[in-house]
Amino acid sequence: MQAIRNVFRAAWSSAERLEDKTVLITGANTGIGKETAIDLAKRGAKVIMACRDMERGEAAAKEVIEISGSQNVVCMKLDLADSKSIREFAEAINQGEPKLNILINNAGVMVCPYGKTQDGFEMQIGVNHFGHFLLTHLLIDLIKRSAPGRIVTVSSMAHSWGSINLEDINSEKSYDKKSAYSQSKLANVLFTRSLAKKLEGSGVTTYSLHPGVVQTDLWRHLSGPQQFAMKIVSPFTKSSSQGARTSIYCAVEPSLGKESGGYYSDCAPASCSAAGKDDVLAQKLWDLSCRMLSVTWE
């Protein structure tokens, strides 16, 4: 019903300005990350585009500057599949930036063949969840000092087909790329819920979202028949620019300033799966994440 109501609602738009705000977007050199960067740069924010491939990142930053008309856009190297890179990046931000108001955990890998990150995590849970968990942990003090702040994590409706395998989080016993993807997207929803509790009263709020079925290069790992199916449904899918709307909504919509921990779709609150609301599971995943990353989160 929520989805049907959303179809008939007027498209969300906002003239909200972000002068004097600093925004950091992971995976901002392509797809919805780049579109989000363009929109927030147009609103006057300083935009930091965190990208793994600096050549593509620099080219995208140039494009963002041209389209937005803002010179206040920088590209920095961040590989979410490597905790060393995450730590170096976070240190550069903490030392170089006086404030960070909005963090958008946007980067992701989708239904890829089995592979491992530098730290030995299965690639999808490693990049989509553990990488962003560590990044957020390392930047949280700066975000708190810059409050009011927001942390937006791009999940997917695929979270509702997922379950968290606490005994085999890295899919070492058996690997199904779709299940591993859904697990990582459910982890995004649970992380957002737990983080909201940890940040109560700090002036920092958290949001997870489904961007819609978006035409992006995340589709590159789909099989031939799956790619064909996506072509058939493509008239009903969203462009990257439409797919970025809910990320932008969660980052700037003033009425969300009092909300935290929720899940959104089509620029409106949406219902997530029962597993996505399981606070016991969320805490277990949080504890496991801290152990696997060797961090303690006060």
Side-chain angles (χ1 to χ4, degrees), residues 24-37 49-53 56-57 60 77-83 85-86 89 103-119 121-136 151-162 164 169-171 175-192 195 206-222 226 230 237-248 250-251 263-265 272 276 285 289:
L24 168 53
I25 307 167
T26 67
N29 62 307
T30 183
I32 65 176
K34 185 167 74 177
E35 294 296 337
T36 304
M49 300 169 65
C51 307
R52 189 187 53 182
D53 180 332
R56 289 177 69 194
K77 183 168 176 59
L78 169 66
D79 183 356
L80 285 157
D82 181 357
S83 65
S85 169
I86 298 168
F89 172 84
L103 169 61
I104 301 181
N105 291 323
N106 165 81
V109 288
M110 178 179 168
V111 295
C112 52
Y114 191 80
K116 287 195 164 177
T117 67
Q118 292 294 327
D119 303 274
F121 304 134
E122 182 275 316
M123 191 59 74
Q124 298 187 81
I125 195 80
V127 170
N128 300 351
H129 171 63
F130 288 127
H132 282 123
F133 187 101
L134 180 59
L135 178 67
T136 307
I151 298 167
V152 178
T153 301
V154 179
S155 178
S156 161
M157 68 189 284
H159 85 271
S160 56
W161 309 314
I164 304 286
I169 197 82
N170 289 312
S171 311
Y175 181 66
D176 176 86
K177 60 189 182 182
K178 291 199 287 287
S179 302
Y181 177 68
S182 298
Q183 170 178 254
S184 74
K185 294 287 105 180
L186 174 56
N188 292 154
V189 174
L190 293 169
F191 168 59
T192 294
L195 191 56
T206 72
Y207 313 85
S208 66
L209 65 104
H210 168 55
V213 179
V214 181
Q215 300 165 35
T216 74
D217 59 6
L218 280 180
W219 290 9
R220 64 186 175 273
H221 294 302
L222 296 178
Q226 286 170 327
M230 283 315 231
T237 59
K238 294 183 177 182
S239 66
S240 292
S241 157
Q242 291 166 325
R245 300 310 296 163
T246 305
S247 296
I248 297 160
C250 289
Y263 174 74
Y264 297 81
S265 177
C272 65
L285 175 66
S289 303

Requested in this report: Please report the shortest heavy-atom distance between Y175 and A180, naming the atom on each side.
Outcome: CE1-CB, 3.5 Å
**Report entry** Residue pair T36 / A244: nearest heavy atoms and the distance that separates them
**Finding:** OG1-CB, 3.5 Å
Query raised in the report: Should Y181 and S156 count as side-chain neighbours, where that means a heavy-atom distance under 4.5 Å?
Result: yes
Query raised in the report: So do M123 and V109 actually touch side chain to side chain, heavy atoms under 4.5 Å?
Result: yes
Report task. Side-chain contact test, heavy atoms from C-beta onward, threshold under 4.5 Å: evaluate it for T153 versus T206 and give yes or no. Result -> no
Report summary line: d(F89 CZ, C51 SG) to nearest 0.5 Å is 9.0 Å
Query raised in the report: So, do T136 and F191 sit near enough that their side-chain heavy atoms are less than 4.5 Å apart?
Result: yes
Requested in this report: Before giving the answer on side chain to side chain contact (heavy atoms under 4.5 Å, CB included), spell out for L78 and I86 the whole-Å C-alpha distance, their side-chain angles and the decisive distance to 0.1 Å.
Outcome: CA-CA 6 Å; L78 169 66; I86 298 168; 3.9 Å; yes
Query raised in the report: Of the non-hydrogen atoms in P211 and S155, which two are nearest, and what is the gap between them?
Result: CD-O, 3.5 Å
Query raised in the report: Do the side chain of Q124 and the main chain of V111 share a donor and acceptor less than 3.5 angstrom apart?
Result: yes
Query raised in the report: Does some side-chain heavy atom of C112 sit less than 4.5 Å from a side-chain heavy atom of K177?
Result: no
Report task. Considering non-hydrogen atoms only, spot the tightest contact between V189 and H159 and give its length. Result -> CG2-CG, 3.9 Å
Query raised in the report: Can any side-chain N or O of S182 pair as donor or acceptor with the backbone N or O of A158 at less than 3.5 Å?
Result: yes
Query raised in the report: When the ring centroid of F121 is compared with that of H129, is the distance short of 6.0 Å?
Result: no
Report task. Would you indicate whether the side-chain heavy atoms of Y264 and S208 approach each other to under 4.5 Å? Result -> no
Query - Test item: T246 side-chain N/O and S265 main-chain N/O as donor-acceptor pair under 3.5 Å - result: no
**Report entry** Gap between atom CG of L209 and atom OG1 of T192 - 0.5 Å precision
**Finding:** 8.5 Å
**Report entry** side chain to side chain contact (heavy atoms under 4.5 Å, CB included) assessment of V154 paired with N128
**Finding:** CA-CA 9 Å; V154 179; N128 300 351; over 6 Å; no
Query raised in the report: How long is the span from the CG atom in L134 to the CG atom in L80, to the nearest 0.5 Å?
Result: 9.0 Å
Report task. Please answer whether the main-chain N or O of I169 pairs with a side-chain N or O of Q183 as donor and acceptor at a distance below 3.5 Å. Result -> yes
Report task. Show your working on side chain to side chain contact (heavy atoms under 4.5 Å, CB included) between H210 and Y263 and close with a plain yes or no. Result -> CA-CA 8 Å; H210 168 55; Y263 174 74; 3.1 Å; yes
Query raised in the report: Taking C-beta and beyond as the side chain, do L24 and I104 meet within less than 4.5 Å on heavy atoms?
Result: no
**Report entry** Atom pair CG (N170) and CD1 (I125), whose distance is rounded to the nearest 0.5 Å
**Finding:** 8.0 Å
Report summary line: In this structure, CG of N106 is separated from NZ of K34 (nearest 0.5 Å) by 12.5 Å
Query raised in the report: For R52, does its backbone N or O pair with a side-chain atom of D79 as donor and acceptor, under 3.5 Å?
Result: no
Query raised in the report: Do T117 and D82 have side-chain heavy atoms sitting under 4.5 Å apart?
Result: no
Query raised in the report: Say you draw a straight line from CG of N105 to CD1 of I151; how long is it, rounded to the nearest 0.5 Å?
Result: 7.5 Å
